[in-house]
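I have placed the structure first, in the form of structure tokens, so that the comments after it can refer back to it.
In what follows, chains are A, B, ... by sequence order, proteins preceding strands, each numbered from 1.
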Amino acid sequence: MPQTQHKIDGIPLYLLIYCLLMALLVSTVIAATFDMGRWNVVAALTIAVLKALLVILFFMHIRHSSRLTWIFAAAAFLWLGLLLGLTMTDYTSRTSPAPNSNAQISLTAAIR
Amino acid sequence: MSELVAEQFDDLEQQTEAGTLGMWTFLATEVLFFGGMICGYTVYRHLYFPAWHNASLIVDNFRFLGVSSGAWNTAVLLTSSLTVALGVRAVKLGQNRLLGRLLAATLILGIAFLLIKAAEYTHEYHEGVMPCYGVFHPDAEISANLHRAAIGSQISETKLLRQFQLFWVFYFFMTGVHAVHMLVGVGLFTFLLIETRRGRYTPQKHAPVEIMGLYWHFVDLVWIFLFPLLYLVR
Amino acid sequence: MRTLFHRLFPPQASQGAAQVDHLTLYLLAFSTFFTVLIFALILYFVVRYRRQTPDERPPKISSNLPLEITWIGIPFLLMVVMFVWGSKVYVAAHRPPDDAMEVFVIGKQWMWKVQHPEGRREIDYLHLPLGRPVKLTLTSQDVIHDFSIPAFRIKQDVLPGIYTTEWFVPDRLGKYHLFCDQYCGAKHAEMIGTVEVVEPADYQRWLAGDVSAESPAVAGEKLFVVYGCNTCHGQYGPTLAGLYGRPVDVIDDQGVRRSVVADEAYIRESILYPNAKLVVGYPNRMPSFKSTLSEEQLLDLVQYIKSLSGAAQTAPYVGPPLGPATQPTRAEQKIANPPFASYRTNQ
Amino acid sequence: MASIPYIPEYGVRETYLNAKHSIASWLLTRDHKRIAVLYMISITLFFAVGGSAAVIMRLQLLTPHSTLVEAETYNKLFTLHGIVMVFFFLVPSIPTTLGNFLLPLMIGARDLAFPRLNLASWYLFIFGGSLTLTALILGGVDTGWTFYTPYSSTFSNTNVVVAICGIFIAGFSSIFTGLNFIVTVHKMRCPGMTWFRLPMFIWTIYATSIIFVLATPVLAITLTLVALERILGVGIFDPALGGDPILFQHLFWFYSHPAVYIMILPGMGVVSELVPAFSRKQLFGYSFVAMATLAIAILGFLVWAHHMFVAGISIYGGMVFSALSFLVAIPSGVKVFNWTATLYKGSISLETPMLYALGFIGLFTIGGLTGLFLATLGIDMHVHDTYFVIAHFHYIMVGGAVMAYMGGLHFWWPKITGKLYPEGWGRIAAVILFVGFNLTFFPQFILGYLGMPRRYYAYAPEFQVYNVMSTAGATILAVGYLLPMCYLIWSLFRGKDAGPNPFKAAGLEWQTTSPPPPHNFDKTPTAGEPYNYHEMDFSDV
Ligand code: HEA
Ligand code: HEA
Ligand code: CUA
Ligand SMILES: [Cu+2]
């Protein structure tokens, strides 16, 4: 097992990461001012993932950590993906009857 | 055995590793804790796009120097993450004075975040979007926008208003839970600061700083995702 | 054997029912096989290899790859069949044909309101023509309910704010249970009813019972059936005959018990806001018809109820109110006759 | 080596039980063994509460009409029963009692990694439990254990919020327990204890802990949303206020389906210890069983919407979740077959724990196979929310998990208390439980298929026969549970001294004295192969 004391990054590296993070922040704010349709979401989330990776790898030192820590960190996000992904399989494939037939409108009227 | 090591452990290394692994496990829990909210957020954004689009147009109304407070807060938190990372480095090198200063800086940044957030909440309260019973009265401009949106889409205005309100439920809930985590973080770091002043931490016994540091970074990480989800995505 | 089948399976009254039962039988067959296999092996081993001497030491047997593969593979194949077959039945049960007759169902705590194509309505009761595909469009007015007809082997949650559908082809005459299968509050167990499959001609005749070009009282009588008043009144609701002009013991919405005279206003109020004045001894079960009845229909109903007392179209003044003590009978009758006693189908 | 029984020194040894006596020494203990005992007492009380509610329910269902209690009361009873049994009995049962006690012993550690956190978990559990129980008993809650919205969030006017707070707090107790176990398994194993030498019980506790950590937070947040909706009057799940009621179900079952594996996996672990011990054979197919354990834990996360086939989800969603549900059955089958194969050519003795273990295998198989009926889309649309479902899960949870808990309790009772339980009574109780159980719950399969809906306080008269059978069974069951409560307590005072290894079982926990000393082992042990029965000497020395 690698001992954490042995790997101490220098201050310049931390500053570099910090500058990168700030640059990403600026770029994401700027990107949001353009109307790119659905690509806005993609851009914002991609940048967020990049920032997260920088924080996890360098600030949280996962880069120096054991495989086990990698697995734990990855598992958390994998499970989040499962939750979102499988829930959306339902929502994106729903075919509930559209509330527009005449009779259904009368039904709605009857309820309210 | 030295008093540094609790009786159930064989040596310091085992203890440090156990502590770190414990924190990572806890963070995995936290990811799923916020994950439940993010799942709800995703589903409703999918279902109620028109209303949520409208809401996200006004969420960054509160600005300094033309930049939304959400972005400022991101900057504040990223900076605090840097001070924490440097603090962990300092404790490993035995630079206790530096550690104290960095922890203090972190605390100030954390409190700054909370203050900015509070100012933003106040602003939103006055806009009437706080989705509490009796408090939710969107102001005239917002109502006019919603009215226009209702005509554009085929949804009735009352329905649209409720879906619009739902955005704010999620906005306040997600940022609120995050703020609670920040508060806990501020508490933990105050503790760390006091202990540092007492000279409790050495290069050997640096684990508490490192472990609490992980927590702080995680809270930052959550914000890194909340910021685009709530403020940027339209 | 037939009788055993009938004890274990509910009646098959729709075209889909047999398909579900066949699927069940398939699962039953292989489940029985595996259960018997496991039980038999355990019993055999326990008897065959029971401990003979206290210091017995059996040989080492650690693992066997072909065996493991077998008992991963065979169940897997069996389950592929299950999945495909099960999905087929399910998908078929969710794809109504275009020519299906559409019936609307609204669930509310704790009743089913049904509206047929020509506008005829009923409550906690569903008339269906034999042999015709029927598609139900379901929605709820409050919480989630579930529209379940075991004899058709089908059910569907009924959601507020969302429409769901359920379809079937009834193929056996008779009366069947209708249950609410999703827990919906205090009287979930009473949110039940009857599905009656009738000959198509009878169904048409029943549907046609809804024409109203008659006098208000006659029209009211029809409405009384259409809106299902008769499903309660005459059974566990108070009888309305002779009501008009009579004093009634009620508990008002302040919880105060008093006696009121049943005039037109009272009857109207009872229909629109049943909770406002509850007849002593009866449960608060009558739904509000505030949003269902037009003013005209209300009028017809009031006239009809008046006519039940032999009252003319104009209201005569009927004596001063009698004391509350003169009317205990209905309350007593009520206690002797708990609401659930009438399970309306026992086929 | 495992074959050399430990010979205690003369005089009275210091054990974890007699080391200190004051009440404070129990309530402030950090010893995992004492905390396990604290949990054992607490969950037994919860079981009695939940079981009493079940008895009243069964009596009510003796006749088709409402005879004993009102509709509202009945609804509060099954809610109490479900919530208490799931969240406060079965979820914590094996992990916090046997798991807590045995985990460090089995891996040769002095304690869990975070003993103080362990105690804190118990306090959270007790605090959450008392809160919920108060809400459930004073006033009551009538939503069912599933808290479906919008009924729970808007319509019910009972103490939903308090009950939810309690469950939220108890949830964190689970999370911290899971965290503690995970770290302990990773970091505290003694020399020689490699992953593939871990006793199967440890594998299952580890897998369970993963579920604790990754699923429970979602329940916590979901219930918080429900509470928020009630308190603030904002719409989250209530469609009248703009929400989507099905979203609640997705989030709820994202926890609650994995939670059913929280309940069964430790039971499987117990059985994987009992079957080898009483047939004196290595667990057949060790690595397959270990991998099946992980597979169940992971696949278990992917099947949740099988509770929602008729809830209005898309039919494609339904098919995805149906297929995934079938997949979980494979590793479960692997386990059942491997246990059976372990018996082959063994030296089988039918002592009480073994009776429970064999009962578990049979009843779990029935419960699991009926789970497949439910996972089959075409059948679930008929039997969803009927007594078929009730029968399915009682077969697994009572016939499976509770039986395993009873088996484990008897097996390790000598280790925990140092006393032997009366064997004859033990066997009688096990047989009574088996018979009573089947009589209670088998008729419910038929009831369900006939269409009797669950959560009904009154029902159609033609269902009565089966209900009477079920109630009769429940009475037998009650006797079956009261017996062990009596003779186990009796054995504390009058039982024979057990000695370190009364069953001549393998495993590190049997190498220390019974009850173990405060720090488990006098000398850190070294682990060899697990289940090395083929090397052991069974002749009495
Ligand atoms: C410990 C608890 C536990 C366990 C382990 C399981 C295990 C399984 N459950 Fe169960 N279930 C519950 C507790 C549990 N369940 C509860 C509490 C509910 C109701 C909740 C509520 O609504 O209140 C429920 C409800 C429930 C439903 C929803 C029913 C409905 O409401 O309509 C479904 C549907 O798919 C289901 C399926 C399964 C399946 C496929 C398994 C599988 O994991 C089973 C796998 C096991 C086997 C299959 C047996 C052994 C295998 C062999 C012998 C191999 C040979 C056979 C083959 C594989 C072909 N369960
Ligand atoms: C771990 C889980 C667990 C356990 C062990 C049990 C145990 C039992 N359950 Fe339960 N049950 C559930 C989990 C469980 N149940 C759940 C989740 C539901 C769904 C709830 C819902 O719909 O929301 C349910 C629902 C449920 C129903 C359906 C209610 C309905 O839908 O209307 C029924 C009906 O028969 C039932 C019966 C029983 C019986 C007879 C037992 C018996 O095994 C109980 C036997 C135990 C005893 C008889 C106790 C003996 C001890 C004492 C009496 C103590 C005496 C006192 C002292 C010593 C102080 N249960
Ligand atoms: Cu409606 Cu249950
Ligand atoms: Cu499930």
(request) Hey, could you give me the CG/CD1 distance between L78(B) and I17(A), rounded to the nearest 0.5 Å? (result) 12.0 Å
(request) Starting at CG of L80(A), measure out to SG of C39(B) and round the result to the nearest 0.5 Å. (result) 8.5 Å
Heavy-atom distance under 4.5 Å between the side chains of [X] and [Y], does that happen here?
X       : Y      : value
M22(A)  : T79(B) : yes
L84(A)  : I38(B) : yes
W79(A)  : V31(B) : no
L21(B)  : F72(A) : yes
T20(B)  : T69(A) : no
H46(B)  : T92(A) : yes
L229(B) : L45(A) : yes
F227(B) : T28(A) : yes

(message) Counting heavy-atom pairs under 4.5 Å with chain A, which one of L221(B), L93(B), L47(B) comes out on top?
(response) L221(B)
(message) At a heavy-atom distance under 4.5 Å, which candidate from V84(B), L27(B), D220(B), T74(B) has the highest pair count against chain A?
(response) T74(B)
(message) I'd like to know whether I11(A) forms a side-chain contact (heavy atoms from CB on, under 4.5 Å) with R89(B), so could you lay out the CA-CA distance, the side-chain angles of the two residues, the decisive distance to 0.1 Å, and finally the verdict.
(response) CA-CA 9 Å; I11(A) 292 182; R89(B) 180 177 185 277; 3.3 Å; yes
Contact origin within [X] toward chain A - heavy atom pairs under 4.5 Å:
X      : result
L82(B) : both
L32(B) : side chain
V88(B) : side chain

Region of [X] that comes under 4.5 Å of a non-hydrogen atom in chain B:
X      : answer
M60(A) : both
V49(A) : both
L68(A) : side chain
L25(A) : side chain
D90(A) : neither
A52(A) : both

(request) Would you sort out whether H61(A) and L214(B) count as a side-chain contact (heavy atoms from CB on, under 4.5 Å), showing the intermediate values? (result) CA-CA 9 Å; H61(A) 301 125; L214(B) 285 177; over 6 Å; no
(message) Taking atom CH2 as the centre, does W52(B) end up with more than 12 heavy-atom neighbours from other residues, nucleotides or ligands that are less than 6.0 angstrom away?
(response) yes
(request) Classify the ring geometry between F225(B) and F77(A) as parallel (under 30°), tilted (30 to 60°) or perpendicular (over 60°). (result) tilted
(request) Given side-chain contact (heavy atoms from CB on, under 4.5 Å), test W24(B) with I62(A) step by step and report yes or no. (result) CA-CA 10 Å; W24(B) 276 103; I62(A) 220 180; 3.8 Å; yes
(request) Name the option with the most non-hydrogen atom pairs under 4.5 Å to chain B; the candidates are V29(A), L83(A), N40(A). (result) L83(A)
